[in-house]
Novice: 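So that we are looking at the same thing, I have put the structure below in structure tokens.
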Amino acid sequence: MSVEPTDSNAATTPPAAPSDFVRDIVAQHVAEQRYPRIVTRFPPEPNGYLHIGHAKSICLNFGLARENNGVCHLRFDDTNPAKEDIEFVESITADVRWLVAGWADHCLGFKPKGTHPALATHNGQPDFYLASVPPDAPHAEPFFASDYFDALHAYAVELIKRGRAYVCDLSPKETEEYRGAPDKPGRESPYRHRSVAENLDLFARMTAGEFPDGARTLRAKIDMASPNVWLRDPLLYRIRHLPHYHAGDKWCVYPLYDYAHCLSDYLEGVSHSVCSLEFVPHRALYDWILENLGLPRPLPRQYEFAKLVPTYTLLSKRNILRLVQEKVVAGWDDPRLPTLSGLRRRGIPASAIRKFVIGVGVTTFNSVTDIAVFEHAVREELNASAARRLAVLKPIKLVLTNLAAGETVECLATNDPQSEQPTTRKIALTREVFIESDDFAEVPPPKYFRLKPGGEVRLKYACIIKLDEIVKDATGAITELRCTAQLDTRSGQPNADKKVKGTIHWVSATQCLDAEVRLYDRLFNVAEPGAEDDFMKVVNPHSLDVVTAKLEPSLAAATPADRFQFERLGYFALDPVDSQPGKLVFNRTISLKDTWSKR
RNA sequence: UGCCCGAUGGUGUAAUGGUAGCACGAACGACUCUGACUCGUUCUGUCUAGGUUCGAGUCCUAGUCGGGCAGCCA
């Protein structure tokens, strides 16, 4: 059967659920009931801040969960005590919760604080398992791979007993030499054929701290001639005499990523382990470890997708760190950075980030996404939700000569023109007002609709004015514009319908607020800063312009949660860090599209 | 010169052997008390060469181009 879609319904039809190769795979597994439940995970290492690239992974993993009545675990992949810190688990947790709030909160999986995988029996076999709880359950916390160190160690002993792992005494340098090269097979370690008993003994002594860092490793016994170098007896455990920020000082052997990740997924009952393309060669190892342990429950599988690469931005932790350290930006949450904390501070709604990253789709093709797509998503969200206000960024004084000094003319301004039933507020027109200096030109270019000598414009929500005189000081600088207000062109007055080509924004010079406004622009001058020899050479020196603006008085009541459109200028929000009552600081989230200045 | 992966307008993505569509972008126009929004028109595409088929973006073969893989990082 087929039903012809009608155009009249198109606007109200909700957008189709996302469709991509990962969702296709999951749908098939749901259909064949391969897993008791769809469980995904977002597994950051707590060694930096999350950025918009992570948002793509978060939205994919949480999206998979919410579309399949599943759950997505936030798990810290913290197997390297040398790099990780509690500071990052806090910021990452806050960022994830902010991003999914109101969209997939109900899919976020935490676990009871302090719990570790429990040993149980599954189909008559011993099995470790750790179930999730909702994040708002009492004493809930995210998952930590470091909570699995006991289970992981037990699995390692099992691999040794099965003759699938051995303790190797090769030094780091020797290990590298024995590994060979992608086009050249490796050589077997001389320690590869130790007895199970000897391996068990040595691994126990490694764990007990008998050997110094780097002296020995635990390795999987796979195939030193494999064309996939990750299968050439990969390291499972290394010795690190270092305390761990979460696991404490119990351990001096720590598992490596490939060993810990697949088993962490299994322990949590993860069904689909979705990661980025650089892990494709690791997939064979992911499967090998799980398949060689004789595990009783259905095994998770790894699927890979291409990372997000937006133009005019840099995403790697290393590069962002350099921008922070060299003080190109003020910190990890600088509003010019693509970090989630930076974007949030800039005033960008989480919903806009979600709309963007979901909209770009999920493929296995390395692509570059035009940042304009992101900017469009931000404007679309804000246009629908931001309250309209009047503000002047770079003021020039204008005197309405036919108004008395103390006289005020009450005007009604619309708060939400996109709404079905717009609301209004009162603003005062006075003899002296500020207008934007860009809205006046003594020598106007062609097709200039704004204020010019002898010309007329409308003051938004007020009346049409005519420019009579330009007053300059001794140096020739303009000090004020003297105009006549045509009060009968106000809304509701006889000539309200009079048309002029230009409408400009303004604020009363006697009833206004001063505020610091930070005008942000892109951080780089080239589309692909990462492709430069040194991205520091292409930093945009004008990425931040700080002005003292004049705001309409109602903005004194603004809170950091508010989003505003300063009409004809852009979208603005209070800086949640630096703004104080009485000393307001606004960030420009994004400008309005400007098809005029482009000419 | 080993192995793996990929290739659809300027960009991103859809089409699962049967009309190459959507979005961003750009240009032009309409509307406008935001040069915004909205609306309309237009623009540009299946890497190449063979093959299978009634029919190929889709399947096969070869090539070209691009990405990835040799951390005791994740």
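Keep in mind that what you see is a predicted model, and the values were worked out from it rather than measured. Labels below follow one simple rule: chain letters A, B, ... track the order of the sequence lines, proteins then strands, and each chain is numbered from 1.
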Novice: Of all the choices, G35(B), A74(B), G71(B), which nucleotide is nearest to the side chain of D594(A) once you look at every atom?
Specialist: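 For the D594(A) side chain, the nearest candidate turns out to be G35(B).
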
Novice: Would a line drawn from the ring center of F279(A) to the ring center of H261(A) be shorter than 6.0 Å?
Specialist: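 No, the ring of F279(A) stays outside the 6.0 Å limit from the ring of H261(A), centre to centre.
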
Novice: Within the 4.0 Å heavy-atom criterion, would you say A462(A) contacts the bases, only the backbone, or no part of the nucleic acid?
Specialist: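 The residue A462(A) makes base contact.
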
Novice: For the side chain of H51(A) and the backbone of L315(A), is there at least one donor-acceptor N/O pair under 3.5 Å apart?
Specialist: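 Confirmed, H51(A) side chain pairs with L315(A) backbone.
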
Novice: Would you say whether W596(A) stacks on G35(B)? The test is a distance between ring centres of less than 5.5 Å and an angle between planes of less than 30°.
Specialist: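 Yes, W596(A) stacks on the base of G35(B).
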
Novice: Before we go on, tell me: are the rings of F374(A) and Y312(A) under 6.0 Å apart, centre to centre?
Specialist: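 Not close enough - the centres of the two rings lie 6.0 Å or further apart.
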
Novice: Base, sugar-phosphate alone, or nothing: which one does S367(A) contact when heavy atoms must sit under 4.0 Å apart?
Specialist: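 Touches sugar-phosphate only.
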
Novice: Among C69(B), U13(B), C24(B), which nucleotide sits nearest the side chain of A372(A)?
Specialist: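 Taking heavy atoms from C-beta onward, the closest nucleotide is C24(B).
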
Novice: So that I know where these two stand, are F572(A) and F564(A) an aromatic pair - ring centroids less than 6.0 Å apart?
Specialist: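 No, ring centres 6.0 Å or more apart.
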
Novice: Any idea which of G35(B), G71(B), A36(B) is nearest the Y448(A) side chain?
Specialist: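 Selected nucleotide (nearest to the side chain): G35(B).
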
Novice: Respond yes when some side-chain nitrogen or oxygen of R379(A) is under 4.0 Å from OP1 or OP2 of A36(B), and no when none is.
Specialist: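 No.
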
Novice: Ignoring hydrogens and angles, tell me if any N or O in the side chain of Y237(A) forms a donor-acceptor pair with the backbone of H153(A) under 3.5 Å.
Specialist: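 Yes, the answer is positive, given that a donor and an acceptor are paired below the 3.5 Å cut-off.
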
Novice: Which part of the nucleic acid, if any, lies within reach of L390(A) when heavy atoms closer than 4.0 Å are counted: base, sugar-phosphate only, or nothing?
Specialist: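 Nothing: the residue L390(A), judged by heavy atoms under 4.0 Å, touches no strand.
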
Novice: Ring stacking, F449(A) with base of G35(B), under 5.5 Å and under 30°?
Specialist: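 According to the criterion (under 5.5 Å, under 30°), yes, F449(A) stacks.
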
Novice: By the 4.0 Å heavy-atom rule, please label P185(A) as base, sugar-phosphate, or nothing.
Specialist: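 The answer is nothing, as P185(A) stays clear of every strand by at least 4.0 Å.
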
Novice: Which label fits G71(B), syn or anti, where anti is any glycosidic angle not within 90° of 0?
Specialist: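 Glycosidic conformation of G71(B): syn.
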
Novice: Using whole Å, report how far CZ of R240(A) lies from C1' of G71(B).
Specialist: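 Rounded to whole Å, this separation is 10 Å.
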
Novice: Just call it for R458(A): base, sugar-phosphate, or nothing, with non-hydrogen atoms closer than 4.0 Å on any strand.
Specialist: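 The answer is base, as R458(A) lies within the cut-off (heavy atoms under 4.0 Å) of a base atom.
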
Novice: Below 4.0 angstrom from OP1 or OP2 of C72(B), is there any side-chain N or O of T217(A)?
Specialist: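 It does not, given that no N or O in the side chain of T217(A) lies less than 4.0 Å from OP1 or OP2 of C72(B).
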
Novice: Which nucleotide, G35(B), A14(B), G12(B), lies nearest any side-chain atom of V360(A)?
Specialist: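 Within the option list, the nearest is G12(B).
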
Novice: So S171(A), base contact, sugar-phosphate only, or nothing? Heavy-atom distance under 4.0 Å.
Specialist: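 If one applies the 4.0 Å heavy-atom cut-off, S171(A) turns out to touch a base.
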
